[in-house]
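These figures come from a predicted structure and were not determined experimentally. Letters go in sequence order (proteins before strands), and every chain restarts at 1.
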Amino acid sequence: MPESRLLPASQSDCRTVSDPVKEAFWAALASIPHGRVCSYGTLARLAGLGRGARLAGRWLGQLPEGSSLPWHRVVNSQGRLSLPADSPAGQEQFARLTEEGVSIRNRRIDMKRYGWPD
DNA sequence: AAGAAGGCACCAT
DNA sequence: CATGGTGCCTTCT
């Protein structure tokens with residue numbers, strides 16, 4: 001089973017390698033405004049990944065725990081939280097979004113209202 | 001609402 | 001280096 005190699009999370013934040021595409025991805029992620037959410041697909045597109053929605057999810061999963069990047073502002077295209085509700089990360093995501101003022105009803109978010117970019 | 005198919009880099013063989 | 005299975009997805013039946 002994979003899922004072993006986590007990032008050093010040394011100085012800045014994440015990034016195991018200096019991949020330009022990933023850099024763009026992290027930048028796009030960081031640009032999501034407080035209190036707003038973005039879908040994996042949209043984020044991927046913004047970062048120049050084209051249809052790399054799944055890849056976006058994979059990469060988010062590689063972020064170190066203490067990351068300051070707003071990984072929690074990424075949900076699926078239907079505005080639903082894609083992380084398992086019972087997982088630590090899932091709970092964390094819910095908590096952070098709620099704290100930011102994002103209304104989550106039954107694990108769903110109104111993208112018309114909180115979706116970004118508009 | 002639920003299932004199938006598309007799409008793309010990752011990772012283990 | 002080639003190959004096949006996989007995922008924090010999307011979009012189209």
Side-chain angles (χ1 to χ4, degrees):
Chain A
M1 295 287 276
E3 214 61 40
S4 46
R5 165 184 39 335
L6 274 206
L7 316 206
S10 52
Q11 322 166 42
S12 303
D13 235 304
C14 46
R15 70 200 63 172
T16 43
V17 294
S18 51
D19 185 341
V21 182
K22 280 191 179 180
E23 290 296 326
F25 181 72
W26 303 134
L29 175 60
S31 69
I32 303 176
H34 179 285
R36 307 294 295 283
V37 296
C38 182
S39 79
Y40 295 93
T42 301
L43 187 60
R45 197 170 304 230
L46 283 178
L49 281 179
R51 301 172 172 57
R54 305 188 78 158
L55 187 51
R58 174 177 282 282
W59 284 356
L60 287 183
Q62 79 161 50
L63 283 171
E65 286 190 34
S67 175
S68 60
L69 292 175
W71 56 270
H72 56 280
R73 298 184 191 141
V74 186
V75 298
N76 72 21
S77 65
Q78 297 178 77
R80 307 205 306 92
L81 306 187
S82 280
L83 274 58
D86 49 12
S87 74
Q91 311 233 324
E92 182 63 19
Q93 178 175 42
F94 186 96
R96 289 201 196 183
L97 287 176
T98 299
E99 285 183 85
E100 293 189 359
V102 176
S103 171
I104 305 178
R105 293 186 308 183
N106 303 332
R107 295 190 61 72
R108 278 194 259 170
I109 298 172
D110 181 358
M111 295 304 272
K112 290 299 179 188
R113 183 164 156 178
Y114 300 102
W116 178 89
D118 295 289

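Taking the side chain as every heavy atom from C-beta outward, Arg36(A) and Glu100(A) never approach each other to under 4.5 Å.
Note: CG (Asp86(A)) to P (dC8(C)) measures 14 Å, nearest angstrom. In this structure, the CZ atom of Arg80(A) is 10 Å from the P atom of dA2(B), given to the nearest Å. Whole-Å rounding puts the Phe25(A) CZ to dC8(C) C1' distance at 10 Å. In this structure, the CG atom of Leu46(A) is 15 Å from the C1' atom of dT10(C), given to the nearest Å. Rounded to whole Å, atom P of dT10(C) lies 9 Å from atom CE of Met111(A). If you take CZ of Arg51(A) and P of dA5(B), they are 19 Å apart, rounded to a whole angstrom. His72(A) has its NE2 atom 15 Å from the C1' atom of dC8(C), to the nearest Å. To the nearest angstrom, P of dA9(B) lies 15 Å from CD of Gln62(A).
By the rule that hydrophobic residues join a cluster once side-chain heavy atoms approach within less than 4.5 Å of another member, Leu46(A) and Val75(A) end up as members of separate clusters. Residues Leu81(A) and Ile32(A) fall into different hydrophobic clusters, defined by Ile, Leu, Val, Met, Phe, Trp and Tyr side chains chained together at heavy-atom separations under 4.5 Å.
Listed by first residue number, the stems of DNA chain B with at least three Watson-Crick or G-U pairs below 3.5 Å are B:2-6 with C:9-13, B:8-13 with C:2-7.
More than 12 heavy atoms of other residues, nucleotides or ligands lie within 6.0 Å of CZ in Arg96(A), so this atom counts as buried by the packing criterion. For Arg51(A), the CZ atom is loosely surrounded, since the number of other residues' heavy atoms within 6.0 Å does not exceed 12.
The side chain of Trp59(A) sits closest to dC10(B) out of dT10(C), dC10(B), dC8(C).
Nearest heavy-atom pair, Ala47(A) versus Ala28(A), reported as atom, atom and distance to 0.1 Å: CB-CB, 4.2 Å.
Put simply, CG on Leu43(A) and CZ on Phe25(A) are 4.5 Å apart, with the number rounded to the nearest 0.5 Å. Atom NZ of Lys112(A) is separated from atom CG of Asp118(A) by 10.5 Å, given to the nearest 0.5 angstrom.
Gly41(A) comes within contact range of the sugar-phosphate backbone alone, with a heavy-atom separation under 4.0 Å but no base atom that close.
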Check: Yes or no on side chain to side chain contact (heavy atoms under 4.5 Å, CB included) for Leu97(A) and Arg73(A), after CA distance, side-chain angles and deciding distance?
Finding: CA-CA 7 Å; Leu97(A) 287 176; Arg73(A) 298 184 191 141; 4.3 Å; yes
What are the atom names and distances for every N/O pair under 3.5 Å that joins the protein to nucleotides 4-7 of chain C?
unit_1 : atom_1 : unit_2   : atom_2 : d
dG7(C) : N9     : Arg54(A) : NH2    : 3.4
dG7(C) : N7     : Arg54(A) : NH2    : 2.8

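Applying the 4.0 Å criterion to OP1 and OP2 of dT10(C), one finds that Ser39(A) has a side-chain N or O inside that range. For dT10(C), the OP1/OP2 oxygens have a side-chain nitrogen or oxygen of Ser77(A) closer than 4.0 Å.
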